[in-house]
Every structure is written in structure tokens, then in C-alpha cells.
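To start, the structure itself, in C-alpha cells.
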Number of protein chains: 2
Amino acid sequence: MPVDPPLRADAQRNRARILDAAEAVFSELGAGASTEEVARRAGVAIGTVFRHFPTKDDLLAAIMKRLLARLAASAGRLGGPDGLFEFFTGMVAEAAGIRAVVDLLARGGTDIRLPDAVGPLTAAVGELLGQAQEAGTVSDGVRLPEVMALLVSVSQGALYGGWDAELRTRTLAVVFAGLKQRS
Amino acid sequence: MPVDPPLRADAQRNRARILDAAEAVFSELGAGASTEEVARRAGVAIGTVFRHFPTKDDLLAAIMKRLLARLAASAGRLGGPDGLFEFFTGMVAEAAGIRAVVDLLARGGTDIRLPDAVGPLTAAVGELLGQAQEAGTVSDGVRLPEVMALLVSVSQGALYGGWDAELRTRTLAVVFAGLKQRS
DNA sequence: GGCTAAGCTGAGTCGGCACTCAACTTCAAC
DNA sequence: GTTGAAGTTGAGTGCCGACTCAGCTTAGCC
């Protein structure tokens, strides 16, 4: 298969700027933010954005991939009996800062091929789950799908519900108790 | 304060049709569906929709109120030690059928004054929570806000995540265990 | 330095949607 | 039945956002 030629230096620079701007814009304003706004924030013309990412979905898919990879990496850095709880807490607390991820993870978004991008995150969380179960802090009856489901649901709830710190703590306390005790 | 005069018979009929159509359309397509589509489904001209509901948000607010009242009523019909769990399970299972509610409950939506409309639902769930705690099926440490938060989050997760019956069951098992055992 | 393909620009096109309004229709009070 | 106010109609308006493209600029190879 043909490999596309390397980008010119200026094009590489612009591509990076666009991705950074898109991440900021979509995280703040959600996936509904306009491409125009991304271009403005990146300091390029709108045509340039579309040269690098032919459709808005392509752009969303690209930043999702980056964001998910980053989340997976931070999950990978944790471990031990409470690693899963720590990751869970962190993701929920920062839900607002990663609005785009939560947004798109939740709804099939704008029809992005997520599975591949989500894979690493799922794998990292699976690792944390395994460790927690080995340590006995999470019941053996719990499996990965429901952990991911809860992770996404609660993050999304926190984001859109604008939960304060106390509500986050209390809600997570219920979820964590459930993970420990599930019959 | 002035009371608006009673509607003419045909206007009443149209108003009801519009509400029914809006409920169907927004439940199927989400809050993003067009007013045009609502008018088509109701069998009236678009101008008629806007005569009854000056803005799209007014229309959304109206059906939200109906839907929430209906949910509150169904919660009111339940009771006993497992009433809360039953209501929870039912709402999550039907999340897809009430897409509009979940949609708008979650995000402040299109800026609708929800508090008033949500009140009755919260009260009904509070009643179920009280009964469950009296019966000992839910820990006394649990309070209403986190129950509502979980209810909304998990419903939304199920809706957008397209959870199958098994995932719903497994996820709810974790939540219910948490409600029982919360330290 | 000269050249050219790669890349950039931004005004413009297109489609979709919330909302308007002048002309027309219908209910209901008498 | 007549009448007028209430209600309906649907083509039209305005706005916004995704996407295009002809003309211009520039990186980078000789």
C-alpha cells in the first residue's frame, strides 16, 4: 500500500497547532463547537483545518485518539489495591476538563470508529481491575464491561450534572462499595 | 394576575397532537430533532407549532414536564423494601424510550427550568429511598442526591452506550450492592 | 537564485433549521 | 346565518456552520 509523503515543515507545525486548538475548544465547548472557532484559536485559516482533516468528524476522531491514549497512559501509571479507585476518582473529577472525551465516549458521537481508540484504555483499566481483585479490594464477581460502563456513566453524569466535590465523593462511595461487595 | 382565555376546541386538539408528536419525535431522535419534523408528525403546519410554543425550548420544556410527571407517578405506584430497586431497573431499561428525558435531564439541555419539573420525581424517589432504608435494604448512609445522580447517570449511560440486558443487569448489581453496603 | 509542488487563504456556496407573517379558514357567540 | 376574533397555513427570512476552490505564498530541491 502507498505511504503518503512526509509533511512539509510548516504543514507539520500547523497540524499540531490545529490539534491543540481543537482539543482546547472541544473540551471547553463540547463537540458542537464550530470548526471556525478551532481555526481561529489555532491561528490558521479555516481551509487549512479542512486540508488536514477533510471532515469535522476526522478532526474529532483525531483528538479523541490523543485524549484516550493519554487517559490510558495515566491509568497505566497507577496500580496496587486501590489503583482502580484512584483512576476512577480522577477521571470523574476531571470530567469537565475532558468534555470532548466524555461527550463522544458516551454517544457514538458523530459516528467515529471508537473501538480501536478505546482499546488501550479498556486494557489499562482491565489491568487495574485485575490487581484490585487480586488484592481483594474488588469482588471477583465484577467484570470489566460494567466497570467501563460505570466509569463512563458517572463521568458523564458528573460533567453534565455539574456535581460538586461532595456529591462526587458520595456517589463514588456508593459505586466503590458496590465494587467491593457485589454478591 | 390575568388568566388566559380558554382555547378553542380545534386549538386544544392541535395542542394535544403537537405534544404527542413532540414526545414521540424527541424520544426517538433526541432533542436535536427539528420542529418541522414535529409539525409533520402532528399533521399541522409549522406555524401552528410556534403559535402554541413560541420557541423550541418551550416545546421541550412542556414535554419534559409531562414525561417527568409520568415517571414520578410510576415511582409513586411502587413501594416496599425493593421499590427503589424496581424503579431504578425500570428507568434504566426504558432509557431508550425516554431519550428526551435522559437527554435533557443530563445536560441542562437547552436551558430549561428543570427544578420545578424534577421536583415531583425527586420527591417520589425520596419516598422509595426512605422505605428501603426503613426495611434495611439500603444503607442509612445513603442520601437522596447521590441516588438521583446515579439514576440519571446510569440511565444515560445505558441509553447512549446501547447496553444490552446483561450489561444492564451486571451494572445495576454493582450499584445496588453499593446502596446496600455503603460504609 | 529559480522553480514548482505542497500548502495556505478566506470569500463564497450550500443546506438545514428556528422563527415570522400576511392571507386565509373556522369556531362560536349572538 | 352573520360576524369577528381566534386559529391555521406555508412560503419566506435570517442565521449559522460545514465544506469548497481559485488564486496566492512558501518550503525546499537543484
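Everything numeric in this text was worked out from a predicted model, so none of it was measured. Every chain is numbered from 1, with letters handed out A, B, ... down the list of sequences.
Between A:R51 atom CZ and D:dA27 atom C1' the separation is 13 Å, expressed in whole Å. Between the CZ atom of A:R40 and the P atom of D:dA18 there is a distance of 11 Å, given to the nearest Å. We find that CG of B:L59 is positioned 10 Å from P of C:dA18, with the value rounded to whole Å. C:dA6 atom P lies 14 Å from atom NE2 of A:H52, rounded to whole Å. Taking atom CZ of residue B:F26 and atom C1' of nucleotide C:dC17, one finds them 12 Å apart after rounding to whole Å. Following rounding to the nearest Å, B:L7 (CG) and D:dA5 (P) show an atom-to-atom distance of 18 Å.
B:F88 pairs in a side chain to side chain contact (heavy atoms under 4.5 Å, CB included) with only one of the listed residues (B:V125, B:L172, B:D82), which is B:L172.
Residue A:A39 is out of contact with every strand shown, counting any heavy-atom pair closer than 4.0 Å. A:S34 comes within contact range of the sugar-phosphate backbone alone, with a heavy-atom separation under 4.0 Å but no base atom that close.
The pair A:R70-A:E23 meets the salt-bridge criterion, since a charged nitrogen lies less than 4.0 angstrom from a carboxylate oxygen. Ion pair B:R66/B:D20 flagged as a salt bridge, since at least one NZ, NE, NH1 or NH2 atom sits closer than 4.0 Å to an Asp/Glu carboxylate oxygen. With salt bridges taken as basic N to acidic carboxylate O contacts below 4.0 Å, none links B:E86 and B:R77. Using a 4.0 Å cut-off between charged nitrogen and carboxylate oxygen, A:E28 and A:R41 count as a salt-bridge pair.
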For nucleotides 20-23 of chain D, print each protein N/O atom paired with a nucleotide N/O atom at under 3.5 Å, atom names and distance only.
none

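In the displayed structure, B:R168 atom CZ is contacted under 6.0 Å by more than 12 heavy atoms of other residues, nucleotides or ligands.
In this structure, B:F50 is not a member of the same hydrophobic cluster as B:V44, with clusters built from ILVMFWY side-chain heavy atoms closer than 4.5 Å.
Contacts between residues 10-19 of chain A and DNA chain C, defined by a heavy-atom separation below 4.0 Å, involve A:D10, A:A11, A:N14, listed by number.
Closest non-hydrogen pair, A:T137 versus A:K180, comes out as O-CG, 2.9 Å.
Mapping B:R8 and B:T35 onto DNA chain C via the closest heavy atom, the residue that lands nearer the 5' end is B:T35. Along DNA chain C, the nucleotide nearest A:E36 and the nucleotide nearest A:A45 are compared for position; the residue whose nucleotide lies closer to the 5' end is A:A45. DNA chain D is contacted by both B:V49 and A:A9; B:V49 maps to the nucleotide lying nearer its 5′ end (nearest heavy atom per residue).
Taking the six-membered ring where the residue is Trp, B:F85 and B:F176 present parallel rings, their angle staying beneath 30° rather than reaching 60°.
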